[in-house]
Novice: 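Here it is, the structure in full.
Numbers for residues simply follow the sequence, beginning at 1. Below, all heavy atoms of this structure are taken into account, side chains as well, without hydrogens, waters or symmetry copies.
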Amino acid sequence: MEFRSKSNSLQTILDSPVVMGKTVMAMKKDGLTQVIQSIIFKRQEEEIDEPFYVLDLGVLANLYEKWTSYLPMIHPYYAVKCNSDTTLLGALVALGSNFDCASRAEIEAVLTLGVSPDRIIYANPCKPQSHINYAASVGVNLTAFDSTEELDKIRKWHPKCDLLIRIKVPDDSKAVYPQDSKFGAHPDEIVPLHQAAQASRLNVIGVSFHIGSAAKDFSAFRGAIAAAEMVFETSPRFGMTKMRVLDIGGGFGSDPHFHEAASIIKEALDSYFPKESGLTVIAKCTPFACKSNPENLTCKGLRSYKSTVFGPTCDADDKISTDHYLPELQTGDWLLFTDIGAYTAACGSNYNGFNTADIETRLVYSGTN
């Protein structure tokens with residue numbers, strides 16, 4: 001394969017403990033199909049017909065550099081829920097990413113890689129008692145809440161934890177997966193929550209929100225940041241220390257609209273938090289797309305038919321697509337799905353004994369542009 005020049009971020013990944021010693025194929029520009037075909041040919045020789053993933057470390061490095069270039073003032077917290085592949089997590093550790101965790105298992109996965117607990121936010125606003133206990137025992141001291149019931153749990157099991165009050169955003173209607181029907185305090189709940197936190201002697205240090213996953217209207221960030229600024233102004237009225245952390249959540253993937261989202265976020269921060277002394281801004285990053293259409297690797301150029309692509313289980317709902325056009329396929333043909341890193345393996349199951357956790361991941365790097 002042709003080697004391309006490596007960015008500093010890519011070299012950092014390749015030199016990281018979790019990658020060093022593993023087989024990583026160099027890939028020439030636009031060479032993904034060629035690399036995958038070479039893997040398939042090898043697997044056919046070994047009579048292996050199971051699916052596999054390809055993790056392009058060059059893409060990961062490029063996306064991380066893109067984040068730090070467009071949003072240098074915002075600390076990225078990788079959302080472990082979207083893809084917990086050990087190599088991916090280890091590469092992000094090497095790059096210096098922080099981590100957004102939602103459970104004990106996710107915290108454990110990150111700590112196992114040597115991450116300091118102060119690089120983790122336990123961002124789930126509704127946590128089991130045993131998971132709160134675990135977070136306290138390992139020193140994960142930042143979490144979110146949106147109810148007095150959650151405050152009661154934290155007061156009992158992790159009273160020294162710093163807290164972010166999770167608020168509902170003014171508008172998440174343009175998101176493909178809105179979150180405010182499940183999480184976030186209403187505006188009229190903010191004062192009672194402040195009062196409850198003060199009565200429990202808990203330390204609320206900031207605000208968090210989420211405009212919804214796969215957002216289509218990034219102006220929602222502007223309204224949400226404005227709402228957060230109002231909450232910042234509320235805390236001093238209760239004798240609480242000045243808030244210092246703003247978590248703007250996620251909602252912006254790696255698509256071409258990332259630049260638009262970054263521009264709106266920077267403008268809103270300048271408007272509502274101008275030269276805010278000591279303010280730390282964090283955000284959830286999920287650096288891969290979540291859906292992709294299949295591409296046939298062997299029957300290009302033939303007549304296509306409206307097709308249903310389904311998984312290997314006997315579940316009638318186990319369908320990938322029902323209206324995608326493909327040529328007539330034969331046994332042994334392979335389909336390629338690109339840009340499926342986020343939520344693909346994470347949303348899998350062991351139904352019918354098809355264990356998605358056993359799917360092999362092959363490592364490549366394409367260099368960066």
Novice: Quick one: does C285's side chain get under 4.5 Å of Y64's, heavy atoms only?
Specialist: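 With C-beta onward as the side chain, the pair stays apart.
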
Novice: Before accepting this row, confirm whether a basic side-chain N of the pair E150/R166 lies closer than 4.0 Å to the acidic partner's carboxylate O.
Specialist: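 R166 and E150: not salt-bridged.
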
Novice: For the NZ atom on K22, are there more than 12 heavy atoms of other groups (residues, nucleotides or ligands in this structure) within a distance under 6.0 Å?
Specialist: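 For K22, atom NZ is crowded (more than 12 foreign heavy atoms under 6.0 Å).
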
Novice: Hey, can you pull the donor-acceptor pairs under 3.5 Å for the side chains in residues 11-18, sequence neighbours left out?
Specialist:
{"unit_1": "Q11", "atom_1": "NE2", "unit_2": "D15", "atom_2": "OD1", "d": "3.1"}
{"unit_1": "Q11", "atom_1": "NE2", "unit_2": "D15", "atom_2": "OD2", "d": "3.3"}
{"unit_1": "T12", "atom_1": "OG1", "unit_2": "N8", "atom_2": "O", "d": "2.9"}
{"unit_1": "S16", "atom_1": "OG", "unit_2": "I13", "atom_2": "O", "d": "2.6"}

Novice: Is R237 close to V191 at the side-chain level, that is, under 4.5 Å between some pair of heavy atoms?
Specialist: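 Side-chain contact under 4.5 Å: yes.
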
Novice: Only one of V93, L60, L363 forms a side chain to side chain contact (heavy atoms under 4.5 Å, CB included) with L88, so which one is it?
Specialist: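 The passing option is L60.
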
Novice: For the pair E267 and R222, find out whether any cationic side-chain nitrogen is under 4.0 Å from an anionic carboxylate oxygen.
Specialist: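 Looking at R222 together with E267, the answer is yes, because their closest N to O distance falls below 4.0 Å.
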
Novice: Quick check against the 3.5 Å criterion: does D100 have a side-chain atom that pairs as donor or acceptor with the backbone of A79?
Specialist: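 Side chain of D100 to backbone of A79: no pair is present.
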
Novice: Enter the distance from F99:CZ to K81:NZ here, rounded to the nearest 0.5 Å.
Specialist: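 Separation between the atoms: 15.0 Å.
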
Novice: With a 4.5 Å limit on heavy-atom distance, are the side chains of L71 and K266 in contact?
Specialist: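 Of all side-chain heavy-atom pairs linking K266 with L71, at least one is under 4.5 Å.
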
Novice: Kindly say whether the aromatic ring centers of W67 and Y78 come within a distance under 6.0 Å.
Specialist: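 Not under 6.0 Å, so no.
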
Novice: For S84 and L89, which heavy atoms make the closest approach, and how far apart are they?
Specialist: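 Closest approach of S84 to L89, heavy atoms only: O-CD1, 3.6 Å.
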
Novice: Counting N and O atoms only, with roles assigned by atom type, does the side chain of D217 sit under 3.5 Å from a partner on the main chain of S219, one being a donor and the other an acceptor?
Specialist: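 Between the backbone of S219 and the side chain of D217 there is a qualifying donor-acceptor contact (under 3.5 Å).
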
Novice: Between D317 and D315, is there a donor-acceptor pair closer than 3.5 Å when you use the side chain of the first and the backbone of the second?
Specialist: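 Pair absent, no side-chain N/O of D317 close to backbone of D315.
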
Novice: Look only at the side chain of E106 and the backbone of A102, and say whether a donor-acceptor pair between them is shorter than 3.5 Å.
Specialist: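 Judged by distance alone, yes, a pair lies under 3.5 Å.
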
Novice: Tell me, do L336 and I36 make a side-chain contact under 4.5 Å, heavy atoms counted?
Specialist: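 Side-chain contact under 4.5 Å: yes.
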
Novice: Is it true that, when you exclude F52 itself, more than 12 heavy atoms of the residues, nucleotides or ligands shown sit nearer than 6.0 Å to its CZ?
Specialist: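 Correct, the count exceeds 12.
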
Novice: What's the separation between atom CG in L163 and atom CZ in R155, rounded to the nearest 0.5 Å?
Specialist: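 With rounding to 0.5 Å, CG (L163) is 12.5 Å from CZ (R155).
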
Novice: For the pair F218 and H257, name the ring-plane relationship: parallel under 30°, tilted 30 to 60°, perpendicular over 60°.
Specialist: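 If you compare the ring of F218 with that of H257, the planes turn out tilted.
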
Novice: After noting the C-alpha distance and the side-chain angles of D162 and N203, does the key distance pass the side chain to side chain donor-acceptor pair (under 3.5 Å) rule?
Specialist: CA-CA 5 Å; D162 288 333; N203 192 25; 3.0 Å; yes

Novice: Would you tabulate the side-chain donor-acceptor contacts of residues 225-235 under 3.5 Å, counting partners in other chains and residues two or more places apart, or write 'none'?
Specialist:
{"unit_1": "T234", "atom_1": "OG1", "unit_2": "M230", "atom_2": "O", "d": "3.0"}
{"unit_1": "S235", "atom_1": "OG", "unit_2": "F232", "atom_2": "O", "d": "3.2"}

Novice: On the ring face of Y122, is K127 found with NZ or CZ under 6.0 Å from the centre and within 45° of the axis?
Specialist: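 Geometry flag: set, cation within 6.0 Å and 45°.
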
Novice: Restricting to pairs with a member in residues 123-150, which pass ring-ring contact (aromatic ring centres under 6.0 Å, His included), not counting sequence neighbours?
Specialist: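 Qualifying pairs: none.
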
Novice: Are any side-chain N or O atoms of H158 and backbone N or O atoms of V140, one a donor and one an acceptor, separated by less than 3.5 Å?
Specialist: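 Here the side-chain-to-backbone pair exists.
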
Novice: If we only count heavy atoms from C-beta on, is the F209 to I248 side-chain gap below 4.5 Å?
Specialist: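 The answer is yes; the side chains approach within 4.5 Å.
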
